[in-house]
Amino acid sequence: MNLKLVSIVYIFCICGISCTESNEDTSILPEGFVDATQRSTHTNNWAVLVDASRFWFNYRHVANVLSIYRSVKRLGIPDSQIILMIADDMACNARNPRPGQVYNNANQHINVYGDDVEVDYRGYEVTVENFVRLLTGRTQNGTARSKKLLSDAGSNVLIYLTGHGGDGFLKFQDSEEITSQELADGIQQMWEKKRYNELFFMVDTCQAASLYEKFNSPNVLAVASSLVGQDSLSHHVDPSIGVYMIDRYTYYALEFLEKVQPFSTRTIGDFLQVCPKRVCISTVGVRKDLYRRDPHKVPITDFFGAIRPTRVSTDRINVTLANESDFIADPDEISATKRPFKIIMEPQFPSEFFK
């Protein structure tokens, strides 16, 4: 293989083009990935995961956010595109009988803290100011790149909040609050500054639905663990450490997410029904009037994963990067008896640079 051929193959790899044989079975792809009318227009995924509570008795809130973190990372969102904010370090708390470990159930079969957790904002860094600055892109000078939400107009953004809340507010650090109006203003700025394509707002706290009441930005889908006037309850306690392990809504959300695989056909519509009142006790709130797509036709991985939507084609595509002979060792090998290549091109491929 000559140097020119190596260069062309390298360009194909870094730009996300995959070449497969044309008779490949595409049945493993969810319908929404094949049907262009149902396909999302996003090009990347980001997640902002926030635990706003301190103190040992709020152990469950740390377990909540770490569990969601584990799920989105397992489904393909890299740490570089996850902003994790944890107000207290339960893994290193002096009361923790298992130092360096956090569990989300009394069976203790999954340490959600693990060895590869990257916390971006920890302890007293978790403030209303830092959270709003993060959303709006107004971080202070000197802020590390890893602590910035570098989303764009092609980004699907998941925002998950957990902690103690009330009618129209969420407490941070037990000393300050963010209001529903401040959240609405922050998301409106995100839309005006082209910082998201679609946004999924998920909150597990008491009276959680009050936090999305002021939203008026397009392409926002929201789910809350409880309606206004209702408490969001914890699920179960671990007698060995004396605190509740996880909240009910997040527990059943995780039960659903644990069964999701990267190319699952499960949808956001399915996810919105994960915690009926008979198990959640509170009533889950959903707001979808600002969202343009049918949630039952949106793959769950559009927000909880990083599975790129693709257009599957069995036809030969003329790539203008170079002559076919430049990346095929022997052009004479292509004959009617040979199966042609199928080339899948991602929409952000910078072909204009090679014309």
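We number each residue from 1, following the sequence as shown.
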Using atom types as modelled and distance alone, determine if a side-chain donor or acceptor of [X] lies under 3.5 Å from a backbone N or O of [Y].
{"X": "Asp270", "Y": "Gln273", "value": "no"}
{"X": "Asp294", "Y": "His296", "value": "yes"}
{"X": "Ser282", "Y": "Leu233", "value": "no"}
{"X": "Thr250", "Y": "Asp247", "value": "no"}
{"X": "Arg248", "Y": "Ile281", "value": "no"}
{"X": "Arg195", "Y": "Leu135", "value": "yes"}
{"X": "Thr283", "Y": "Leu227", "value": "no"}
{"X": "Arg133", "Y": "Arg138", "value": "yes"}
{"X": "Ser226", "Y": "Gln207", "value": "yes"}
{"X": "Arg54", "Y": "Ala87", "value": "yes"}

Reference residue Tyr69; test side-chain contact (heavy atoms from CB on, under 4.5 Å); the match among Leu49, Asp51, Val119: Leu49
Check whether [X] and [Y] end up in the same hydrophobic cluster, where Ile, Leu, Val, Met, Phe, Trp and Tyr are linked by side-chain heavy atoms less than 4.5 Å apart.
{"X": "Leu66", "Y": "Trp46", "value": "no"}
{"X": "Val48", "Y": "Tyr212", "value": "yes"}
{"X": "Val243", "Y": "Ile110", "value": "yes"}
{"X": "Ile178", "Y": "Phe169", "value": "no"}
{"X": "Met202", "Y": "Met85", "value": "no"}

Within 45° of the ring axis of Phe304 and under 6.0 Å from its six-membered ring centre, is that where the NZ or CZ of Arg74 lies? no
Hey, mind stepping through Arg95 and Ile241 against side chain to side chain contact (heavy atoms under 4.5 Å, CB included) and telling me if it holds? CA-CA 8 Å; Arg95 297 185 182 183; Ile241 62 175; over 6 Å; no
Identify the two heavy atoms, one from [X] and one from [Y], that lie closest to each other, and give their separation to 0.1 Å.
{"X": "Tyr196", "Y": "Pro218", "value": "OH-O, 2.7 Å"}
{"X": "Ser210", "Y": "Gly168", "value": "OG-N, 2.8 Å"}
{"X": "Lys147", "Y": "Glu125", "value": "NZ-OE2, 2.9 Å"}
{"X": "Tyr160", "Y": "Asp204", "value": "OH-CB, 3.9 Å"}
{"X": "Leu257", "Y": "Ile68", "value": "CD1-CD1, 4.3 Å"}
{"X": "Asn45", "Y": "Gln81", "value": "O-NE2, 2.6 Å"}

Supply the atom-to-atom distance [X] [atom1] to [Y] [atom2], rounded to the nearest 0.5 angstrom.
{"X": "Asp185", "Y": "Thr179", "atom1": "CG", "atom2": "OG1", "result": "7.5 Å"}
{"X": "Glu198", "Y": "Tyr291", "atom1": "CD", "atom2": "OH", "result": "3.5 Å"}
{"X": "Lys171", "Y": "Glu176", "atom1": "NZ", "atom2": "CD", "result": "11.5 Å"}
{"X": "Asn104", "Y": "Tyr59", "atom1": "CG", "atom2": "OH", "result": "8.5 Å"}
{"X": "Ile83", "Y": "Leu150", "atom1": "CD1", "atom2": "CG", "result": "7.5 Å"}
{"X": "His235", "Y": "Glu255", "atom1": "NE2", "atom2": "CD", "result": "8.0 Å"}

Under the ring-ring contact (aromatic ring centres under 6.0 Å, His included) criterion, do Phe303 and Phe271 qualify, and how do the steps go? CA-CA 11 Å; Phe303 290 101; Phe271 181 76; over 10 Å; no
Quick one: do Asp174 and His164 satisfy side-chain hydrogen bond (donor to acceptor under 3.5 Å, both in side chains)? Show the steps, please. CA-CA 8 Å; Asp174 212 34; His164 289 291; over 6 Å; no
For the pair Tyr103 and Ile246, evaluate side chain to side chain contact (heavy atoms under 4.5 Å, CB included) and give the outcome as yes or no after the intermediate values. CA-CA 9 Å; Tyr103 294 91; Ile246 194 170; over 6 Å; no
What verdict does the side chain to side chain contact (heavy atoms under 4.5 Å, CB included) test give for Leu161 and Leu170, after you've listed the backbone C-alpha separation in whole Å, the side-chain angles of each residue and the deciding distance to 0.1 Å? CA-CA 9 Å; Leu161 304 176; Leu170 172 67; 4.0 Å; yes
Please say whether more than 12 non-hydrogen atoms of neighbouring residues, nucleotides or ligands are located less than 6.0 Å from [atom1] in [X].
{"X": "Tyr124", "atom1": "OH", "value": "no"}
{"X": "Arg292", "atom1": "CZ", "value": "yes"}
{"X": "Lys288", "atom1": "NZ", "value": "no"}
{"X": "Arg98", "atom1": "CZ", "value": "yes"}
{"X": "Lys194", "atom1": "NZ", "value": "no"}

Parallel, tilted or perpendicular: ring planes of Phe215 versus Phe201, cut at 30 and 60 degrees: perpendicular
Side chain to side chain contact (heavy atoms under 4.5 Å, CB included) assessment of Val228 paired with Glu213: CA-CA 10 Å; Val228 178; Glu213 287 182 335; 3.4 Å; yes
